[in-house]
Participant: 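Handing you this structure, nothing more for now.
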Amino acid sequence: MTEAKPIQAPVEHKGRRGFLPIETNTFDRVFISVVIWIGASLLWMRFIEPLGLSVWICTVLCIILGVWIVKKG
Amino acid sequence: MRSNRLGWTLLTPSLVVLGIVGFLPFLFVVWVGFHDWNIFAATRGMIWTGANNYRRLVFDQEFLDALWRTLAYTVTVVVIELSLGFLLAQTLTRQFPGRAFFRTIYVLPLVVAPIAVGATWRLMVIPGFGPIPYFLERWFGIEYRIGTYASHAWATAVLMDVWHWTPFVTLTLLAGLTAIPKEPLEQAMVDGANRWQVFRHLTIPMMMPVILTVVFIRMMDALRVVDEVYMLTNGGPGTATTFIGLHIFRVVFPKTDYGYGSAMSLLVLYFTIVLCWLLFVALSNVGKQKA
Amino acid sequence: MKTARWKKALGWIGLYALWIFLTLFTVLPIYWMFVVSSRSRVQLFDAPTLLIRSFYVQNYTGPLSDPVFQRYLWNSLYTAVGNALLVTILALFATYALSRWRLPGADNIFFWTITNRMAPPAAFLLPIFLLYTQVFKIGDWSLFDTQLGLILLYCVFNLPFAIWLMKGIMDGIPIELDEAASVDGAGQWTILWRVIVPLAAPGLAITFILSLIFAWNEYLFAATLTSVNARTITTGLAEFVTVTGTNWGQMAAVATISILPALVFLIFVQRYIVTGLTFGAVKE
Amino acid sequence: MLRHRLIVTLSILVFAAMMLAACPAPAPVAPAAPAPAEGEASWWRTAAESAGCVGVTIRGVSESTPPSNFAKDVLGPAFERDSGIKVELETTSWDQMYDKAIKDMEAGTGIYDFVYIEQDIIYAYLANNYLLNMTKFLADNPNLAAPDFDFGKFTTFIDYFKDAEGNVYGVPMEAFIKIYLYRTDLFGDPEAQAAFKEKYGYDLAPATNYQQYRDNAEFFTQWGKDRGLELWGTTVQAASGHPSSFYEVFETILPSGGVYNWGINMENWKASVENGGTMNSDRAKAAFQFWLDLLPFAPPEATSSTWDEVAASFAAGRAAQGWVYGENAAWIATDPERSKVVGNVGVALPPLADESVLQDAEEGRGYIGYYDGGAFGIPATSKNQACAVLWNQYIGQESVQADWAVAASRVVMNSTFDDPKVQEVDAKTNGYFTLLKEQGHLFAGAPPFPFHATIREVIAPYVYRAIAGELTAAEALDQAAAAVDAELPKLGYGQ
């Protein structure tokens with residue numbers, strides 16, 4: 001370690017700005033999708049499943065939404 | 001640009017330790033959460049039930065009540081601690097004789113173990129034993145019974161938490177107050193703004209990151225409170241102080257309903273993470289605006 | 001002029017009144033604990049009074065002369081200091097890395113470390129118990145009922161806190177200092193030890209002391225993951241609650257004793273507390 | 001900066017050194033243990049050698065109670081001296097003890113070689129095959145069967161630790177009944193007797209039925225108030241967030257009102273009346289209501305009182321009468337260090353709703369109160385079963401029983417009652433041991449439910465809410481019965 005190396009300050013975010021109101025990186029968007037998926041499933045089980053619609057419908061919808069968020073968010 | 005390898009090397013030990021004691025158990029809990037597993041059931045062992053535990057949970061009034069109760073409790077203590085802490089931190093920024101003494105005395109509650117906090121407060125408030133009900137009754141004629149009246153138990157739990165954690169909040173806010181630049185404040189005073197205006201339009205915005213940090217930390221801990229309340233009231237009277245941590249404790253331990261309890265904790269963890277994440281995003285955005 | 005002076009005097013009176021009230025409020029429960037520890041079992045049921053008329057020393061001499069209790073105290077100390085040291089060092093490394101390198105996903109890692117503190121503890125007892133008794137074992141030795149087990153475990157809630165605290169401190173140390181040292185030919189380790197550590201000392205001290213306090217005070221995990229050899233003083237407290245009468249006097253005495261060590265540490269780092277607790281939240 | 005770091009480091013070192021100096025290496029201190037006869041000692045040693053147990057450490061977990069502490073402090077060291085087997089007994093709080101024992105046995109870890117089994121949890125343990133069959137083990141290994149150990153010498157309490165075939169799974173180490181304690185000084189006070197007679201029209205006496213109990217409670221509460229005394233009419237174990245209040249209602253009050261087995265019909269595992277149970281029957285409601293109505297006559301701490309605080313309240317002279325666990329009777333009546341009512345304690349059978357309950361109990365159809373206690377059992381997962389079996393036989397010798405009974409007021413063997421030391425304590429407590437011996441058969445332990453703790457947790461919140469005044473007795477029992485009927489099928493019972 002005799003040679004001096006330039007040191008750079010960390011960059012705050014390497015993310016990008018999509019339609020979400022904050023800067024996000026891929027992991028953030030996956031995280032957001034999962035959070036939405038879990039929340040939606042719970043609400044679905046409470047309010048919609050008793051009406052006869054399977055929770056799998058919710059899962060499919062959430063996966064589509066998730067893909068969209070990860071790609072464009 | 002220097003190589004990231006050293007950076008990862010420095011980070012790895014922490015990640016390994018947290019992985020072992022944090023993430024592995026988490027995976028196990030996720031796994032158990034999809035099973036029926038009660039060792040006192042007629043059918044033994046773990047039985048896969050898919051999402052049935054969660055299906056039960058969203059209709060479980062006892063659980064939802066406990067969750068709301070915990071949220072209400074958290075909001076109450078955070079608001080009280082924050083306002084009180086701000087007031088005290090403000091007074092501590094001034095030099096006055098005896099400041100060091102007060103400050104030293106004031107951090108005492110921080111070092112008391114939660115379980116001892118609960119025990120001590122229990123000793124303080126049990127009728128026939130503790131001084132608080134005795135003097136309240138003797139001097140003011142107030143009948144103070146934490147075992148009978150839900151509101152008394154609730155108030156005691158809040159008071160206990162305020163007692164235990166306001167010092168931490170105060171110190172953190174004080175650290176923030178001493179670190180913010182003084183010039184804008186003085187300038188504004190010179191320009192004729194009154195104290196309230198300065199506080200409202202300069203101090204608060206500058207302190208926002210600290211405030212959010214404190215809220216974050218207190219919220220995270222208040223949502224999982226167990227030890228203190230366990231010693232103080234054990235969740236009574238009725239279910240008045242059965243906060244979610246205690247509720248889960250009861251389901252997992254005396255009822256030994258491991259599967260359902262696991263699902264329950266995951267749900268609570270989910271809510272906590274979402275709440276904290278929102279705060280975290282707010283926090284880093286506030287930080288960025290300033291940068 | 002006179003009214004202004006009056007106003008000022010009133011302000012001072014208000015200030016002192018506030019602080020005196022607060023001091024009383026803060027001290028009362030701890031004082032009461034001490035009062036209880038001064039009474040014998042039969043005296044406890046006299047009408048409550050805040051005065052200490054006689055001192056029942058057996059509440060203190062009893063536990064203090066008990067070798068089992070001494071071992072609890074020693075275990076607590078060993079575990080808390082061990083954990084605080086480990087956490088401080090790990091957090092120093094981790095935050096140095098998070099603060100000085102562009103690691104992909106660093107923010108996410110940072111947030112993930114914090115989530116470890118959020119889990120409601122009860123349901124995680126079982127998996128950790130299983131890990132400690134059945135996975136991490138070599139022959140007859142397992143992590144269960146060892147101080148090492150507790151030291152590692154307390155990282156779950158101490159390390160996130162420490163990383164958060166230290167991250168702020170690290171970010172607050174100007175990177176130009178690193179660069180200057182680097183230009184002078186210092187290696188990474190030299191920079192860390194000679195530049196960063198001295199500047200981060202208040203933060204390190206406060207991290208150490210808070211970790212120590214949390215670890216010293218932890219109850220639920222210690223109660224589940226220890227049996228005879230590694231039991232800590234907080235689990236000892238629960239032993240005084242029995243079917244045939246809680247020995248409140250001795251319990252209060254033990255609680256009083258258990259406050260002392262953390263208090264001693266806290267007094268030593270008093271001067272650092274305010275500078276150390278910024279969490280990096282204020283950036284100029 | 002360097003100076004600061006130095007100070008911190010130094011302070012840590014100094015403090016650590018202080019602590020080290022204060023805590024010399026923990027050395028086990030062996031308290032005086034009863035000296036065994038020569039021949040016995042050699043038998044234990046020989047047996048331990050033949051089982052390869054000499055030098056082995058066996059571990060146990062128990063609640064931190066006087067009987068367990070006696071086993072830990074006196075019997076453990078004595079056993080080690082006689083046999084060369086070291087006993088490490090961990091004593092901890094009641095709920096921790098269960099948590100750890102169950103986790104250990106369920107996970108099959110084998111940490112513990114013997115565990116405390118309370119009478120009510122044994123059925124759950126048996127259903128899960130957690131325990132070693134001691135009868136079978138001793139039959140298979142006759143060389144390890146101590147010559148003077150015999151399951152037949154125990155009181156009938158040992159029956160609770162047997163399976164359907166009569167195999168024994170635990171050696172009883174404590175047993176007691178929940179009795180009615182009253183203050184002889186108050187009940188014998190001529191002034192009080194006269195005032196009572198005037199007000200209620202009959203003689204003041206320890207209660208035998210609910211009405212009399214209530215009158216006594218009301219009378220002494222008023223008596224205390226009139227004289228400015230810290231005195232109330234009764235203790236009530238009504239902690240509004242702790243299982244102890246559930247136990248008082250379901251194992252003391254409901255049986256004395258003629259409702260047995262928690263009101264659960266054990267034929268079809270149903271609790272509510274419409275499904276054939278008795279949990280919300282009129283008798284149960286009446287008994288529960290009677291108990292709730294006592295709260296105004298109880299000291300203010302009653303709604304925060306668990307079993308230990310009830311005993312403490314009584315010992316502090318704050319109550320004229322009450323239901324108290326018998327293990328406390330001896331110290332309340334004899335220990336001036338802890339009790340203000342030494343010499344003024346009377347013991348009697350608990351009051352009953354009516355005569356039919358006593359008749360039920362005498363004819364074996366029911367019981368009038370709670371017979372509790374525990375045994376040391378050996379987990380099937382223990383790695384040192386032979387050594388633990390030796391230990392269990394050691395604590396089951398007749399020769400160690402008397403001192404144990406005196407230290408912890410528990411009796412598990414018939415011969416113990418006749419020991420002069422025990423009779424001395426019996427006289428001081430106005431006959432607690434005699435009551436246990438002669439009337440013990442009227443009491444019973446918890447019903448044989450394999451789901452004990454789970455159902456307790458289902459019912460308990462309704463009891464808590466009734467204490468807090470949110471529900472009446474009738475509402476609480478109706479809802480509790482419905483909740484039990486919903487929960488049991490989930491556990492696989494009564495589908």
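Everything numeric here is computed off the predicted structure, so don't read it as measured data. Chain letters run A, B, ... following the sequence lines, proteins first and then strands; every chain starts at 1.
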Participant: Quick one: what part of C/L22 sits under 4.5 Å from any heavy atom of chain B, side chain, backbone, both or neither?
Facilitator: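 Looking at C/L22, just its side chain touches chain B.
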
Participant: Who pairs with C/R117 by salt bridge (charged side-chain N to carboxylate O under 4.0 Å, His left out), at least two apart in sequence or on another chain?
Facilitator: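 Salt bridge (charged side-chain N to carboxylate O under 4.0 Å, His left out) check on C/R117 returns B/D221.
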
Participant: Identify the two heavy atoms, one from B/V29 and one from C/A123, that lie closest to each other, and give their separation to 0.1 Å.
Facilitator: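 Closest heavy-atom pair between B/V29 and C/A123: CG2-O, 3.8 Å.
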
Participant: Is it the side chain or the backbone of C/I89 that comes within 4.5 Å of chain B heavy atoms, both, or neither?
Facilitator: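 Interface part for C/I89: neither.
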
Participant: Sort B/M160 into side chain, backbone, both or neither according to what part of it lies under 4.5 angstrom from a heavy atom of chain C.
Facilitator: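 Contact with chain C is absent: no heavy atom of B/M160 under 4.5 Å.
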
Participant: Taking every non-hydrogen pair under 4.5 Å, which of C/N116, C/I209, C/I213 racks up the most with chain B?
Facilitator: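 Looking at each of C/N116, C/I209, C/I213 in turn, C/N116 comes out on top.
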
Participant: Hey, could you give me the OG/CZ distance between B/S14 and C/F93, rounded to the nearest 0.5 Å?
Facilitator: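 Result: 9.0 Å between the selected atoms.
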
Participant: With only heavy atoms counted, which part of C/T113 is less than 4.5 Å from chain B, the side chain, the backbone, both or neither?
Facilitator: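 Backbone plus side chain of C/T113, per the 4.5 Å heavy-atom cut-off to chain B.
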
Participant: Would you mind checking which part of B/P127 comes under 4.5 Å of any heavy atom in chain C, side chain (CB onward), backbone (N, CA, C, O), both or neither?
Facilitator: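 Contact with chain C is absent: no heavy atom of B/P127 under 4.5 Å.
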
Participant: B/F216 vs C/W164 aromatic rings, parallel, tilted or perpendicular, using cut-offs 30° and 60°?
Facilitator: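 Plane angle over 60°, so perpendicular.
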
Participant: Among B/L24, B/L266, B/L159, which residue has the highest count of heavy-atom pairs closer than 4.5 Å to chain C?
Facilitator: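 Answer, by heavy-atom pair count under 4.5 Å with chain C: B/L159.
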
Participant: By a 4.5 Å heavy-atom criterion (distance strictly below it), what part of C/L159 contacts chain B: side chain, backbone, both, or neither?
Facilitator: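 Side chain only.
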
Participant: Less than 4.5 Å to any heavy atom of chain B: does that hold for the side chain of C/L153, its backbone, both, or neither?
Facilitator: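 Its backbone and side chain both get close to chain B.
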
Participant: Regarding B/R94 and the six-membered ring of C/W12, is the cationic atom NZ or CZ under 6.0 Å from the ring centre and inside 45° of its axis?
Facilitator: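 Ring-cation test returns yes.
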
Participant: Just verifying a value: how many Å separate B/E228 CD and C/Y219 OH, rounded to the nearest 0.5 Å?
Facilitator: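 It is 13.0 Å, given to the nearest 0.5 Å.
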
Participant: Does the side chain of B/I20 come within less than 4.5 Å of C/F136's, by heavy atoms?
Facilitator: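 A side-chain contact exists here, since the closest heavy-atom pair is under 4.5 Å.
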
Participant: Measuring only between side-chain heavy atoms, which start at C-beta, is C/L98 closer than 4.5 Å to B/L11?
Facilitator: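 Yes; the side chains approach each other to less than 4.5 Å.
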
Participant: Would you say the side chain of B/W37 lies within less than 4.5 Å of the side chain of C/L126, judging by non-hydrogen atoms?
Facilitator: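 Answer yes - side chains close enough.
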
Participant: For chain C, which candidate among B/V225, B/I217, B/V226 shows the most heavy-atom pairs at distances under 4.5 Å?
Facilitator: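 The option with the most such pairs is B/I217.
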
Participant: Is atom NZ of C/K8 surrounded by more than 12 heavy atoms (other residues, nucleotides or ligands) closer than 6.0 Å?
Facilitator: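 No, because the 6.0 Å sphere around NZ of C/K8 holds 12 heavy atoms or fewer from other groups.
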
Participant: State, to 0.1 Å, how close C/M118 and B/T272 come at their nearest heavy-atom pair, and which atoms those are.
Facilitator: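 Shortest heavy-atom contact: CB-CG2, 3.8 Å.
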
Participant: Let me confirm one number: the OG-CG distance from C/S99 to B/L10, rounded to the nearest 0.5 Å.
Facilitator: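 One finds 11.5 Å between OG of C/S99 and CG of B/L10.
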
Participant: Going by side-chain contact (heavy atoms from CB on, under 4.5 Å), name the residues that satisfy it together with B/W31, two or more places apart in sequence or in a different chain.
Facilitator: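 B/W31 satisfies side-chain contact (heavy atoms from CB on, under 4.5 Å) with B/H35, B/M46, B/W48 only.
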
Participant: At a heavy-atom distance under 4.5 Å, which candidate from B/D227, B/L246, B/V268 has the highest pair count against chain C?
Facilitator: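 Of B/D227, B/L246, B/V268, B/D227 has the most heavy-atom pairs under 4.5 Å with chain C.
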
Participant: Between B/R122 and chain C, with a heavy-atom cut-off of 4.5 Å, which part of the residue counts as in contact: side chain, backbone, both or neither?
Facilitator: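 Just its side chain gets close to chain C.
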
Participant: Please output the side-chain donor-acceptor pairs of residues 100-115 of chain B that fall under 3.5 Å, not counting sequence neighbours, one pair per line with the distance.
Facilitator:
{"residue": "B/T104", "atom": "OG1", "partner": "B/A100", "partner atom": "O", "Å": "2.6"}
{"residue": "B/Y106", "atom": "OH", "partner": "B/T170", "partner atom": "OG1", "Å": "3.2"}

Participant: Looking at C/A119, C/A255, C/C155, which makes the most heavy-atom pairs under 4.5 Å with chain B?
Facilitator: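 Most heavy-atom pairs within the cutoff with chain B belong to C/A119.
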
Participant: Should the pair C/F110 and B/F280 be assigned to parallel (<30°), tilted (30 to 60°) or perpendicular (>60°) ring geometry?
Facilitator: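 The arrangement is tilted - the two ring planes meet at 30° to 60°.
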
Participant: Between C/P121 and chain B, with a heavy-atom cut-off of 4.5 Å, which part of the residue counts as in contact: side chain, backbone, both or neither?
Facilitator: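 Side chain only.
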
Participant: Does the side chain of C/W32 come under 3.5 Å of the side chain of B/T120 through a donor N or O and an acceptor N or O?
Facilitator: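 Side chains of C/W32 and B/T120: no pair found under 3.5 Å.
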
Participant: Among C/L237, C/L220, C/V135, single out the residue with the greatest number of heavy-atom pairs under 4.5 Å to chain B.
Facilitator: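 The residue among C/L237, C/L220, C/V135 with the greatest pair count is C/L220.
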
Participant: What option among B/F28, B/F135, B/F23 has the most heavy-atom pairs under 4.5 Å with chain C?
Facilitator: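 Ranked by heavy-atom pairs under 4.5 Å with chain C, first place is B/F28.
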
Participant: To the nearest 0.5 Å, what is the distance between CD1 on B/I273 and CD1 on C/I114?
Facilitator: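 Rounded to the nearest 0.5 Å, the CD1-CD1 separation comes out at 11.0 Å.
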
Participant: Please report the interatomic distance CZ(B/R5) to CG(C/L103), rounded to the nearest 0.5 Å.
Facilitator: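 Answer rounded to 0.5 Å: 13.5 Å.
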
Participant: Between B/L15 and C/W112, does the side chain to side chain contact (heavy atoms under 4.5 Å, CB included) criterion hold? Intermediate values first, please.
Facilitator: CA-CA 10 Å; B/L15 297 184; C/W112 173 74; 4.0 Å; yes

Participant: Which heavy-atom pair separates C/P120 from B/R224 by the least distance, and what is that distance?
Facilitator: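 Closest heavy-atom pair between C/P120 and B/R224: CA-CB, 4.3 Å.
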
Participant: Considering only heavy atoms, which portion of B/W121 lies under 4.5 Å from any heavy atom of chain C: side chain, backbone, both, or neither?
Facilitator: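 Just the side chain, heavy atoms under 4.5 Å.
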
Participant: With a strict 4.5 Å heavy-atom criterion, list every residue of residues 256-264 of chain B that contacts chain C, or say none.
Facilitator: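 B/Y258, B/G261, B/S262 fall under the 4.5 Å cut-off.
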
Participant: Decide if the gap between the ring center of C/Y16 and the ring center of B/F96 is smaller than 6.0 angstrom.
Facilitator: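 For C/Y16 and B/F96, the ring centres are under 6.0 Å apart.
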
Participant: If you take all heavy atoms of B/L18 and C/P160, which pair is closest and at what distance?
Facilitator: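 For B/L18 and C/P160, the tightest heavy-atom pair comes out as CD2-CD, 4.4 Å.
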
Participant: Please rank B/A119, B/G98, B/P25, B/P13 by heavy-atom pairs under 4.5 Å with chain C and give me the top one.
Facilitator: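 The candidate making the most pairs under 4.5 Å is B/P25.
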
Participant: Atom CZ of B/F26 and atom OG1 of C/T115: how far apart are they, to the nearest 0.5 Å?
Facilitator: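 Output value for this atom pair is 8.0 Å.
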
Participant: Would you say C/L18 and B/T91 make side-chain contact, with heavy atoms under 4.5 Å?
Facilitator: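 Side chain of C/L18 against side chain of B/T91, heavy atoms only: contact under 4.5 Å found.
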
Participant: Against chain C, work out which of B/L174, B/V252, B/L223, B/L88 has the most heavy-atom pairs shorter than 4.5 Å and name it.
Facilitator: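 Most pairs with chain C among the choices: B/L88.
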
Participant: Pair B/F253, C/T224 - check side chain to side chain contact (heavy atoms under 4.5 Å, CB included), show working.
Facilitator: CA-CA 11 Å; B/F253 162 55; C/T224 308; over 6 Å; no

Participant: Which atoms form the tightest heavy-atom contact between C/T26 and B/W163, and what is the distance?
Facilitator: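 Smallest interatomic distance, heavy atoms only, reads O-NE1, 3.0 Å.
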
Participant: Would you mind checking which part of C/V156 comes under 4.5 Å of any heavy atom in chain B, side chain (CB onward), backbone (N, CA, C, O), both or neither?
Facilitator: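 Contact with chain B involves both backbone and side-chain atoms of C/V156.
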
Participant: What's the shortest heavy-atom distance between C/A122 and B/I248, and which atoms?
Facilitator: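 The pair with the smallest heavy-atom distance is CB-CG2, 3.9 Å.
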
Participant: Is any side-chain heavy atom of B/L123 closer than 4.5 Å to a side-chain heavy atom of C/W248?
Facilitator: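 Counting from C-beta outward, B/L123 and C/W248 do come under 4.5 Å.
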
Participant: Less than 4.5 Å to any heavy atom of chain B: does that hold for the side chain of C/L130, its backbone, both, or neither?
Facilitator: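 Looking at C/L130, just its side chain touches chain B.
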
